[in-house]
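Worksheet: the structure to be examined is printed underneath.
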Amino acid sequence: MGKNMLTTKEVTLLSDMLIYEESACKKARLYSKTLTDKQLSDDFKRIAAHHEKRFNSLLELL
């Protein structure tokens, strides 16, 4: 198979993973905005950035 030749099952799995990463990113961003503890807020900002990076990496595979 070529680089961009994904099976239907692989596309489905990647799509599911994209949904999970997007959800985790959104939740972490929400928590970072609602927490009053600066350290925890910063931690959740880093977590959101991590999930966003994973989301973008997965998106590139499609």
Side-chain angles (χ1 to χ4, degrees):
M1 265 191 244
K3 181 181 176 188
N4 293 325
M5 299 289 292
L6 298 173
T7 66
T8 303
K9 185 174 182 176
E10 290 169 330
V11 170
T12 300
L13 290 172
L14 285 172
S15 296
D16 289 346
M17 291 172 67
L18 283 167
I19 291 167
Y20 299 139
E21 291 297 335
E22 181 181 31
S23 177
C25 181
K26 285 181 179 179
K27 287 178 183 179
R29 278 197 187 122
L30 176 65
Y31 297 152
S32 76
K33 292 176 183 175
T34 58
L35 290 167
T36 55
D37 183 299
K38 173 121 174 67
Q39 181 61 48
L40 279 176
S41 178
D42 290 345
D43 289 343
F44 274 97
K45 285 177 186 174
R46 282 190 290 279
I47 291 168
H50 173 75
H51 285 291
E52 183 175 15
K53 182 178 178 184
R54 289 174 54 120
F55 177 90
N56 289 329
S57 294
L58 289 168
L59 191 59
E60 288 177 14
L61 296 174
L62 292 178

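By convention here, the first residue in the shown sequence is residue 1.
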Taking side chain as C-beta onward, heavy atoms only, is Leu58 less than 4.5 Å from Leu61?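 The answer is yes; the side chains approach within 4.5 Å.
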
Pairwise distance NZ(Lys33) to CG(Leu35) - rounded to 0.5 angstrom: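 Here the rounded value is 12.5 Å.
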
Supply the atom-to-atom distance Leu62 CG to Glu10 CD, rounded to the nearest 0.5 angstrom.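 Reported to 0.5 Å precision, the distance equals 10.5 Å.
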
Would you please name every residue forming a side chain to side chain contact (heavy atoms under 4.5 Å, CB included) with [X], sequence neighbours left out?
| X | value |
| --- | --- |
| Lys45 | Ser32, Ser41, Asp42 |
| Asp43 | Gln39, Leu40, Arg46 |
| Glu52 | Cys25, Arg29, Asn56 |
| Thr12 | Thr8, Asp16 |

In a check of side chain to side chain contact (heavy atoms under 4.5 Å, CB included) between Phe55 and each of Met17, Glu21, Glu60, which one passes?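 When Met17, Glu21, Glu60 are each tested with Phe55, the side chain to side chain contact (heavy atoms under 4.5 Å, CB included) holds only for Glu21.
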
Enumerate the ring pair (Phe, Tyr, Trp, His ring centres under 6.0 Å) contacts for residues 7-29, please, sequence neighbours excluded, ordered by first and then second residue.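 Output for this query is empty, none listed.
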
Counting distance only, does the side-chain N/O of Ser23 pair as donor-acceptor with the main-chain N or O of Ile19 below 3.5 Å?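 No; zero donor-acceptor contacts below 3.5 Å.
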
Partners meeting ring-ring contact (aromatic ring centres under 6.0 Å, His included) with Tyr31 (sequence neighbours left out):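 For Tyr31 the ring-ring contact (aromatic ring centres under 6.0 Å, His included) partners, ignoring immediate neighbours, are Phe44.
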
